[in-house]
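See below for the structure under consideration.
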Protein chains: 2
Amino acid sequence: MRASDKAYATLREDIIEWRLAPGTVLAEVEQSERLGVSRTPVREALSRLSAEGLTTAAGGRGVVVTDISLEDIDEMFELRETLEGKAAALAAVRGERAVFEKLHADLLRAQELINDADPARHEYYALVGRLDEAIDAAISNSYLAQAMRSLRVHLVRVRRLAADDAPRLHAAAVEHAAIAEAIAAGNARLAEAATTMHLHRSLSHVKATHPHH
Amino acid sequence: MRASDKAYATLREDIIEWRLAPGTVLAEVEQSERLGVSRTPVREALSRLSAEGLTTAAGGRGVVVTDISLEDIDEMFELRETLEGKAAALAAVRGERAVFEKLHADLLRAQELINDADPARHEYYALVGRLDEAIDAAISNSYLAQAMRSLRVHLVRVRRLAADDAPRLHAAAVEHAAIAEAIAAGNARLAEAATTMHLHRSLSHVKATHPHH
DNA sequence: GACAAGGTCTATGTATACATAACTGCGGCT
DNA sequence: AGCCGCAGTTATGTATACATAGACCTTGTC
């Protein structure tokens, strides 16, 4: 593994997991010492992070971890609804029925994955991730897929902030299942509507959890 | 101006203007000699270009200029319709009426800008650029604006490929005027429809001009 | 004659030394 | 007392030397 990849992965993880708070200044020398690599790979990592929008170059004095305001969350979900709504509609038209029928069935059984044995809900999120990947593959549009990937980085940060509780996850699983079902049925408008509903409820949940910020 | 900015701007311009053909291998030493800077800024420039999608890291053997296939153009316009349609609708709701009324009037007079005195149509494209900027500002959604900016880079490359002729530009000016008018009127659905129409005709024109590729 | 294995070579990946510009603190001026 | 300006310091920006890994060519064998 390249040192720059390591630096990038570590910094990215630290930012997403909120171990590096917004506003934190990431100095090159400081980070190179912390990560045990030289300034060059750190520099490249910070470059990539800034391109993604996780950090911003604060003119001259290092790069700082970007903040996420309530307005940012609204804006992110506005774009998300546009992109994922379109993606769901396209997947309904172009996707393979069998793939989404299986995902539908798995998502209906996802309630069992949400238990106290796995507080981080790794398996549940992995399943949701498979739905995302299936949609990405089904739309066969690399530009749209890329736009959604860019956005997902920021959404993971929001998710960490929102502290999904079990009731919300149970409801979300049902909503995801509805999306998969609509895609499997080849019903584009229904798939888009199901996506809109899901995102609306997700946003409401986030806002209810964090009224301030 | 920083050397890395210079390297980035030069390389980006060369790629967009098709002076660097798709498939061209951009070796670091070679480019650093050509641009008169050291490898470090060239490296950073290539990094940024790859993040934008203008180049791709060809595992081990340098970065190569990405190609644009006919499928790519279809995909780009599919995303573009989604993004710009939404943006136009939002601008109709959130934008300032006066700004778009002025743009509407200017665009109706744009026919005069398309003459033999300016073969590159700088003034015309500047006016269209002002419409884009006005919409960007009106939507007040930095994530959506960022997604559109990312896409526009690639679209400029396609435009250079399509060799816009005077008749198409005259028609496009009218279509742009219709978008501005709908936004000024605060009619979101009409603005979205006008955008869809414009993009459909643009794509048809590009495909008619370049049936192969 | 073709395929595979090894070596060489050339590219990128990394580290570090040096240049330069901006921020900060201090001092003098108004 | 507040502000402007200068210098010191410390950060980033650049260049270059060195490490390393992958690609291509050569050579040997089947």
Side-chain angles (χ1 to χ4, degrees), chain A residues 1-16 19-67 142 146 149-150 153, chain B residues 1-16 18-67 142 146 149 153:
Chain A
M1 193 185 200
R2 300 186 314 189
S4 63
D5 289 339
K6 177 190 167 191
Y8 169 75
T10 307
L11 283 169
R12 182 183 149 125
E13 180 100 357
D14 285 344
I15 293 173
I16 289 178
R19 288 191 289 266
L20 287 171
T24 306
V25 180
L26 302 177
E28 292 178 6
V29 283
E30 168 198 2
Q31 293 305 316
S32 69
E33 285 167 8
R34 185 171 79 96
L35 302 172
V37 296
S38 90
R39 273 183 58 207
T40 308
V42 169
R43 201 179 169 71
E44 182 176 328
L46 292 176
S47 234
R48 281 205 261 171
L49 291 169
S50 295
E52 280 183 304
L54 289 178
T55 61
T56 46
R61 205 61 161 202
V63 304
V64 299
V65 179
T66 53
D67 197 3
S142 57
Q146 177 57 37
R149 259 195 299 277
S150 307
V153 183
Chain B
M1 192 186 199
R2 298 187 315 188
S4 63
D5 289 338
K6 177 190 168 191
Y8 170 73
T10 306
L11 283 170
R12 182 184 149 124
E13 179 101 358
D14 286 343
I15 293 172
I16 289 178
W18 295 85
R19 287 191 289 265
L20 287 172
T24 305
V25 179
L26 302 177
E28 292 179 6
V29 284
E30 168 199 2
Q31 293 304 317
S32 69
E33 285 168 6
R34 183 170 80 95
L35 302 172
V37 296
S38 91
R39 272 182 59 207
T40 307
V42 169
R43 199 178 170 71
E44 183 177 328
L46 292 175
S47 234
R48 281 206 262 171
L49 292 169
S50 294
E52 281 183 304
L54 289 177
T55 60
T56 46
R61 206 61 162 200
V63 304
V64 299
V65 179
T66 53
D67 197 4
S142 57
Q146 178 57 36
R149 260 194 300 277
V153 183

Taking salt bridge (Lys or Arg N to Asp or Glu O under 4.0 Å) as the definition, give me every residue that meets it alongside A:E52, ordered by chain and number, with sequence neighbours left out.
A:R12

Ignoring hydrogens and angles, tell me if any N or O in the side chain of B:T55 forms a donor-acceptor pair with the backbone of B:S50 under 3.5 Å.
yes

Rounded to the nearest 0.5 Å, how far does CG of A:L11 lie from CZ of A:R34?
6.0 Å

Per-nucleotide protein contact along nucleotides 14-20 of chain D, 5' to 3', at a 4.0 Å heavy-atom cut-off (B base, S sugar-phosphate only, - neither), is BBBB---

A:L46 CG to D:dG13 C1': how many Å, rounded?
14 Å

Please state how far atom NZ in A:K6 lies from atom P in C:dG13, giving the value in whole angstrom units.
17 Å

May I ask you to check whether A:S38 and A:S32 show a side-chain donor-acceptor distance below 3.5 Å?
no

Spell out, as yes or no, whether a donor-acceptor pair under 3.5 Å connects the side chain of B:K6 to the backbone of B:L35.
yes

